[in-house]
Amino acid sequence: MENKGITSREDDYSKWYNEIVLRAGLADYSPVKGCMVIKPYGFGIWERMKEQLDKMFKETGHVNAYFPLFIPKSFLSREADHVEGFAKECAVVTHHRLMNNPDGEGVVVDPSAKLEEELIVRPTSETIIWNTYRDWINSYRDLPLLINQWANVVRWEMRTRMFLRTAEFLWQEGHTAHATKNEAIDESRMILDLYAKFAEEWMAMPVIKGIKTANERFAGADETFTIEALMQDGKALQSGTSHFLGQNFAKAFDVTFLNENQKRDHVWATSWGVSTRLMGGLIMTHSDDQGLIIPPRLAPLQVVIVPVPKPNEVINTFVNGIMEELKARGIRVKYDMDKKKRPGFKYNQYELQGVPVRLAIGKRDLENNQVEIARRDTKEKYNQPTEGLTDHIEQLLVDIQNSLFERAKAYRDEHITPVDTFDEFKEVLESKSGFISAHWDGTTETELKIKELTKATIRCIPLDAPEEEGKCILTGQPSGKRVLFAKAY
RNA sequence: CGGGGUGUAGCGCAGCUCGGUUAGCGCGUCUGGUUUGGGACCAGAAGGCCGCAGGUUCGAAUCCUGCCACCCCGACCA
């Protein structure tokens, strides 16, 4: 019995999460603290996310490019807020050579190879990109400039967690330049919608679109838009952000253009990103105590076929027919022909790995011209006639995708609790957790005070928050709308 | 950086309090056989700088000192 099951969410949520990541084969720890090895299965999911997002970026007029990993240290200090936001967590390259240790074993840093100017490993690329854009942008004809890059970045976090917060992570960062303020704002809003659409339609992860408070805003932005998701333990996950950068970086890096009226002006900017953190969100949105659950659209493997009790000529022939039909529909399917492992073992393994649909095929099924279908999300199991099987499975995958979203949305909606007093606020946070919708007086001071008292932060001011007269739960000052609080990852 | 925990076979652990043969168990792996509709069983085998360094001792996984790493909880953050 021991070693087989995984820790339940109720027993220890963090442990459950780590075990899913490790045992489903998504990632491994690395020798360096805070770094992780993303294994083929985990990377397969990320690749699917990447593929879809990339397509959506291209469809909206963006192109990919690549900017360097190393950034001159001085670049970071050009924008005051930006430097303050990131300085604390930058990895710095100081030397460019190692040498044999003159005093013994191993290698040491060669002191004579000290760099003239130290380099930082990008925590994000605004600075190097805007330094480059200065040369690329001269006139309104060069605008808008719509560039994305897929890259790794490094932020030296004190405390790390697989996928959710690692020292190095993979992401995409879009950086755009526009002639007008409104155009830049529209861009950042459009990307926010794109992210929300992706999260909901592909990850089956419901999100709330909103605006960050000044306190939670990206360092260097005038406005930060966010999509916020709710995890099964009641904590919120900032899942993607899109920033309207105003003219801050244009001014810091002197990026100007000649407008149609022959006047020189600073360009307007946006930046936006989602990262491998989404993998963490995916896991914590859907998975259960049996393991991972992956929505069909992102699953590297959508259907697995298990021969019962083991492969043989008759079953193989039968399965090959099914495989061909499924593949012809673009369904990602695998036939597990391992003779050593018994069906029960395989069932558990694929459940752990979150494969959406499992077909089991044995003698009984061949005789009755049927297959046994098990769906991962509901654990439902039933026999299905071979006739029309491909159509059935295709539809089933769609149903699973939808049902995962609906389930997550129902959970999320149940966990948005409106409160009107601070006592209620604390009570809900303690007993129920999740998002708390409450009035706030709009000051950073109050926000920080509430954080200090409860650990909850303002996740966002929802874009669709209705105008509503109310009083701040802490200070009693007037407030025009409710904001969402939560404890966050 | 504070608090807690853990480092022993590929993985999970016991042994350590109270030093003493050849360091054990489960899972996995390999061999052979019997099995086979939800993690099979039997027999055999391989696999270890007991985290690192020093010390105490006739003798250290075990005691002492120092160090390192990782995990969890905080502070900080996407």
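Side chains included, hydrogens not; waters and symmetry mates left out as well; all remaining heavy atoms used. Naming: A, B, ... by sequence-line order, numbering from 1 per chain.
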| query | For RNA chain B, whose closest nucleotide is more 5', that of Lys340(A) or that of Ala219(A)? | reply | Lys340(A)
| Angle class for the Phe425(A)/Phe422(A) ring planes (parallel below 30°, perpendicular above 60°, tilted otherwise)? | parallel
| said: Quick check: on RNA chain B, is the nucleotide nearest Arg277(A) upstream (toward 5') of the one nearest Arg161(A), or the reverse? Name the residue that is more 5'. | reply: Arg161(A)
Distances under 3.5 Å between protein N/O atoms and the N/O atoms of nucleotides 45-48 of chain B, please, pair by pair.
none

| remark: Residues at least two apart in sequence or cross-chain that pass ring-ring contact (aromatic ring centres under 6.0 Å, His included) with Tyr17(A), listed by chain then number, are none
| said: Measure NZ/Lys487(A) against P/A75(B) and give the value in whole Å, please. | reply: 10 Å
All N/O pairs under 3.5 Å across the protein-nucleotides 35-38 of chain B interface:
| from | atom 1 | to | atom 2 | distance (Å) |
| --- | --- | --- | --- | --- |
| U36(B) | O4' | Arg342(A) | NH2 | 3.2 |
| U36(B) | O4 | Lys310(A) | NZ | 2.7 |
| G37(B) | O6 | Gly362(A) | O | 3.4 |
| G37(B) | O6 | Lys363(A) | N | 2.8 |
| G37(B) | O6 | Arg364(A) | N | 2.2 |
| G37(B) | O6 | Asp365(A) | N | 3.4 |
| G37(B) | N1 | Asp365(A) | OD2 | 2.6 |
| G37(B) | N2 | Asp365(A) | OD2 | 3.0 |
| G38(B) | N7 | Lys381(A) | NZ | 2.6 |
| G38(B) | O6 | Arg358(A) | NH2 | 2.7 |
| G38(B) | O6 | Lys381(A) | NZ | 3.4 |
| G38(B) | N1 | Glu351(A) | OE2 | 2.8 |
| G38(B) | N2 | Asn348(A) | OD1 | 3.0 |
| G38(B) | N2 | Glu351(A) | OE1 | 2.8 |

| query | Between Thr176(A) and Thr270(A), is any side-chain donor less than 3.5 angstrom from a side-chain acceptor? | reply | yes
| note | The complete set of side chain to side chain donor-acceptor pair (under 3.5 Å) pairs with one or both residues in residues 202-215 of chain A, sequence neighbours excluded, reads Asp193(A)-Lys209(A), Lys212(A)-Glu228(A), Lys212(A)-Gln238(A), Thr213(A)-Glu447(A)
| query | What orientation do Trp272(A) and Tyr195(A) show, parallel under 30°, tilted 30 to 60°, or perpendicular over 60°? | reply | perpendicular
| N/O (side chain, Lys455(A)) to phosphate O (OP1/OP2, A75(B)) under 4.0 Å | yes
| Rounded distance [0.5 Å steps], CD1 in Ile38(A) versus CZ in Phe169(A) | 11.5 Å
| Nearest-Å distance, CD (Glu157(A)) to P (C1(B))? | 16 Å
| said: Within this structure, what is the CD1-NZ distance for the pair Ile436(A) and Lys426(A), rounded to the nearest 0.5 Å? | reply: 11.5 Å
| What integer distance in Å separates Asp28(A):CG from G10(B):C1'? | 12 Å
| Rounded C1' spacing from G28(B) to A53(B) in Å | 33 Å
| task | Could you state the atom-to-atom distance from CH2 of Trp16(A) to P of C71(B) in whole Å? | result | 19 Å
| message | Distance check, C1' atoms only: G3(B) and C16(B), in whole angstrom units. | response | 24 Å
| field | Contacting residues from residues 69-84 of chain A, given that a heavy atom lies under 4.0 angstrom of RNA chain B | value | none
Which atom pairs, donor and acceptor, lie under 3.5 Å between side-chain atoms of residues 307-315 of chain A and protein residues at least two apart or in another chain?
| from | atom 1 | to | atom 2 | distance (Å) |
| --- | --- | --- | --- | --- |
| Asn312(A) | OD1 | Val314(A) | N | 3.0 |
| Asn312(A) | OD1 | Ile315(A) | N | 2.8 |

| task | Look at all strands and tell whether Leu164(A) reaches a base, only sugar-phosphate, or nothing, counting heavy atoms closer than 4.0 Å. | result | base
| field | Strand RNA chain B in bracket notation, Watson-Crick/G-U under 3.5 Å with | for pairs to another chain | value | (((((((..((((......[...)))).((((((.....)))))).....(((((..]....))))))))))))....
| request: Figure out the CZ/P separation between Phe86(A) and C76(B), and round it to whole Å. | output: 17 Å
| said: Between C1' on C76(B) and CD on Gln238(A), what's the gap in Å once rounded to a whole number? | reply: 14 Å
| request: Scan Phe169(A) against the nucleic acid and name what it touches under 4.0 Å (heavy atoms): base, sugar-phosphate only, or nothing. | output: base
| message | For C72(B) and Asn18(A) - does any side-chain N or O of the residue sit under 4.0 Å from the phosphate oxygens OP1/OP2? | response | yes
| note | Here the salt bridge (Lys or Arg N to Asp or Glu O under 4.0 Å) pairs for residues 73-93 of chain A, sequence neighbours left out, are Lys73(A)-Glu118(A)
| message | To the nearest 0.5 Å, what is the distance between CD1 on Ile400(A) and CG on Leu396(A)? | response | 4.0 Å
| query | What distance, rounded to whole Å, do you find between the two P atoms, one in G48(B) and one in U8(B)? | reply | 15 Å
| On a whole-Å scale, what distance lies between the C1' atoms belonging to U21(B) and G15(B)? | 16 Å
| task | Could you give the distance separating A69(B) and G24(B) at their P atoms, to the nearest angstrom? | result | 32 Å
| query | Atom CD of Gln349(A) to atom C1' of C27(B): distance rounded to whole Å? | reply | 13 Å
| field | Gap in Å between the two C1' atoms, one belonging to C70(B) and one to G59(B), rounded | value | 32 Å
| request: Please list all pairs passing the salt bridge (Lys or Arg N to Asp or Glu O under 4.0 Å) test where one or both residues lie in residues 271-294 of chain A, with sequence neighbours left out. | output: Arg9(A)-Asp289(A), Asp288(A)-Arg376(A), Asp288(A)-Lys379(A)
| Once you round to the nearest 0.5 Å, how far does CD1 of Ile305(A) lie from CD1 of Ile361(A)? | 5.0 Å
| note | By side chain to side chain donor-acceptor pair (under 3.5 Å), Glu351(A) pairs with (sequence neighbours left out) Arg358(A)
| said: Could you tell me how far apart Arg23(A) (CZ) and C27(B) (P) are, to the nearest whole angstrom? | reply: 15 Å
| request: Determine the interplanar angle of the Phe75(A) and Phe253(A) rings, folded into 0 to 90°, and report it as parallel if under 30°, tilted if 30 to 60°, perpendicular if over 60°. | output: perpendicular
| task | Tell me, please, which residues at least two apart from Lys449(A) pass side-chain contact (heavy atoms from CB on, under 4.5 Å). | result | Glu452(A), Leu453(A), Leu474(A)
| said: Which residues pass the side chain to side chain donor-acceptor pair (under 3.5 Å) test with Lys50(A), not counting sequence neighbours? | reply: none
| query | Which value, in whole Å, describes the distance between the C1' atoms of nucleotides C18(B) and U22(B)? | reply | 23 Å
| request: Take atom C1' in C76(B) and the same atom in G19(B), then report the distance between them in whole Å. | output: 45 Å
| query | Checking all strands, does Thr226(A) fall into the base, sugar-phosphate, or nothing category for heavy-atom contacts under 4.0 angstrom? | reply | nothing
